[in-house]
S.K.: 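A single structure is presented below for examination.
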2 protein chains.
Amino acid sequence: MSGYDLKQILDHSTAHFWHAHHSQIYTNLRQMEEEGLVTSQFIQEEGQPNRRIYHVTEMGKAALKGWLDRPMQEMSPIKEELLVRLFFSGQRESHQIIAELQHQRRLHLQRLKEYENITVRMGDEKKPIELERESRFWHATIQLGLRYEKAYLEWLDETIQMVESL
Amino acid sequence: MSGYDLKQILDHSTAHFWHAHHSQIYTNLRQMEEEGLVTSQFIQEEGQPNRRIYHVTEMGKAALKGWLDRPMQEMSPIKEELLVRLFFSGQRESHQIIAELQHQRRLHLQRLKEYENITVRMGDEKKPIELERESRFWHATIQLGLRYEKAYLEWLDETIQMVESL
DNA sequence: CTGCTCATGTAATAGGTTACATGATTGC
DNA sequence: GCAATCATGTAACCTATTACATGAGCAG
């Protein structure tokens, strides 16, 4: 597929746990072509925009397999800017902190609803038995998203209350 | 304080939501000095290693305050490598996926216990009333850590079961 | 004719990791 | 004598973001 296609697919599938800008995708595809992981063909059609279509090579497939065969040894590191801000909020005014937490609450609630819509669209969240093997893994990534957003929202409510009580 | 001190403090307070390597700290402190946010004095004492001590300037304080005054508009983006791996696990053997998830389970359980020890050391998690304003915010960051690790562990158990049933 | 989507790229900069490199002191 | 801790830094590289830049087609 093309860089543009890849970007669309990323935005509609992995965006909640891994994202990339189009500039990164285009440059990385070119790099991967130099490394022999993919090949490309430039397609010019009348009435259609130009596209550069990439195909994965055997080397590319082997590289992906090689990566999957080396299991993660560490936990993914976390960078949560809101916690940095909260950590340094000792001198801030409570109402400003509360406003910021409430804004985050709205965002996380919206995200939770998006995940809930996805699971509803996939069928019943309690019966993923009928799904194909590949879909199950994608379903699992959404499940972590759901749990994460629920936990985050509970924490936001608890923390808003805490700041209100100061 | 010195770059070394800063690294120690980061490692023992914010490491669970924000970390930095010493190389990054040293280079950024130098940069901040050029920008006038901090000043430094090099200290040579007999029987003591050399240290470069930094002091924040009024400009530096204003910059921090300015940053805190501009509330976050977006959610912190997430990069969760384990989910990327799971997403592409359609062709992997179940027992390898399970082994990887179980290893992550051990890591997250350990992390949860660390957070629990911290809250126990801070007193009773249910009575943070006596804490000072600043400590409350730090306490809040640990609370999100607790909720996050609990949610993550529940998801790991659910997902391990799902893969076992394939 | 205006704005949106499709489609591709480059350049400059910022942020972050790993490896290289040195040297003193302290405890076993 | 050796390992660990204290203490500082640079260099190379990789990863990622933001801005710059172009152009076609389509819908209102």
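Keep in mind that this is a model prediction, so the values were computed, not measured. Lettering of chains follows the sequences in order, A, B, ..., and the numbering in each one begins at 1.
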S.K.: Roughly, in whole Å, what's the span from CD1 in A:Ile43 to C1' in C:dT8?
M.R.: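 From A:Ile43 CD1 to C:dT8 C1': 14 Å.
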S.K.: Kindly point out which of D:dA16, C:dG9, C:dG16 is positioned nearest to the side chain of A:Gln24?
M.R.: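 Nucleotide nearest to A:Gln24's side chain: D:dA16.
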S.K.: Within this structure, what is the NE2-to-C1' distance between B:His21 and D:dT8, rounded to whole angstrom?
M.R.: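 Those two atoms, NE2 and C1', are 17 Å apart.
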S.K.: Given the rule in the side-chain contact (heavy atoms from CB on, under 4.5 Å) test, do A:Met32 and A:Val56 qualify, once you have shown the distances and angles that lead to the verdict?
M.R.: CA-CA 10 Å; A:Met32 286 164 81; A:Val56 65; over 6 Å; no
S.K.: Please report the distance, rounded to the nearest Å, between CD in B:Glu74 and P in D:dA16.
M.R.: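 Whole-Å distance recorded here is 19 Å.
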S.K.: Would you say B:Leu82 and A:Leu64 are hydrophobically clustered, going by side-chain heavy atoms of ILVMFWY under 4.5 Å?
M.R.: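 In one cluster with B:Leu82: A:Leu64, yes.
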S.K.: When you look at A:Phe137 and B:Thr159, which way does the side-chain contact (heavy atoms from CB on, under 4.5 Å) test go after all the steps?
M.R.: CA-CA 9 Å; A:Phe137 291 112; B:Thr159 307; over 6 Å; no
S.K.: Distance check needed: D:dA7 P versus B:Gln44 CD, whole Å only.
M.R.: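 It is 14 Å, rounded to the nearest whole Å.
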S.K.: In whole Å, I'd like the distance from the CD1 atom of A:Ile25 to the P atom of D:dT15.
M.R.: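 Rounded to whole Å, this separation is 15 Å.
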S.K.: Can you tell me whether the side chain of B:Ser23 and the base of C:dT18 have a donor-acceptor pair closer than 3.5 Å?
M.R.: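 Indeed, a donor on one side and an acceptor on the other fall under 3.5 Å apart.
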S.K.: Taking the nucleotide of DNA chain D with the closest heavy atom to each, which residue, A:His19 or B:Gly3, is nearer the 5' end?
M.R.: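 The 5'-side residue here is B:Gly3.
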S.K.: Do A:Tyr115 and A:His16 have their ring centres less than 6.0 Å from each other?
M.R.: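 When the ring centroids of A:Tyr115 and A:His16 are compared, they turn out to be within the sub-6.0 Å range.
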S.K.: Would you mind telling me which residue lines up with the more 5' stretch of DNA chain D, A:Ala20 or B:Thr27, judged by nearest nucleotide?
M.R.: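 On the 5' side of the pair lies B:Thr27.
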S.K.: For B:Trp67, is the NZ or CZ atom of A:Arg85 found under 6.0 angstrom from the centre of its six-membered ring and inside 45 degrees of the ring axis?
M.R.: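 The answer is yes; both the distance and angle limits are met.
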S.K.: What is the distance from CD of A:Gln41 to P of C:dT8, rounded to the nearest Å?
M.R.: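 So the two atoms are 13 Å apart, to the nearest Å.
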S.K.: For A:Tyr148 and A:Arg111: C-alpha separation, side-chain torsions, deciding distance, then whether side-chain contact (heavy atoms from CB on, under 4.5 Å) applies.
M.R.: CA-CA 10 Å; A:Tyr148 174 78; A:Arg111 179 68 62 90; over 6 Å; no
S.K.: DNA chain C: A:Lys79 or A:Tyr54, which has the more 5' nearest nucleotide?
M.R.: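 Of the two residues, A:Tyr54 wins.
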S.K.: When you compare the protein's N or O atoms with those of nucleotides 4-7 of chain C, which come within less than 3.5 Å of each other, and at what distance?
M.R.:
unit_1	atom_1	unit_2	atom_2	d
C:dC6	OP2	A:Tyr4	OH	2.6
C:dC6	O5'	A:Tyr4	OH	3.2
C:dA7	OP1	A:Arg51	NE	3.4
C:dA7	O3'	A:Asn50	O	3.3

S.K.: Please state how far atom NE2 in B:His22 lies from atom P in C:dG16, giving the value in whole angstrom units.
M.R.: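 Whole-Å distance recorded here is 16 Å.
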S.K.: Can you tell me how far the CG atom of A:Leu109 sits from the CD atom of A:Glu114, to the nearest 0.5 Å?
M.R.: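 Answer rounded to 0.5 Å: 10.5 Å.
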S.K.: In whole angstroms, how far is the C1' atom of D:dA16 from the NZ atom of A:Lys7?
M.R.: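 Distance, rounded to whole Å: 12 Å.
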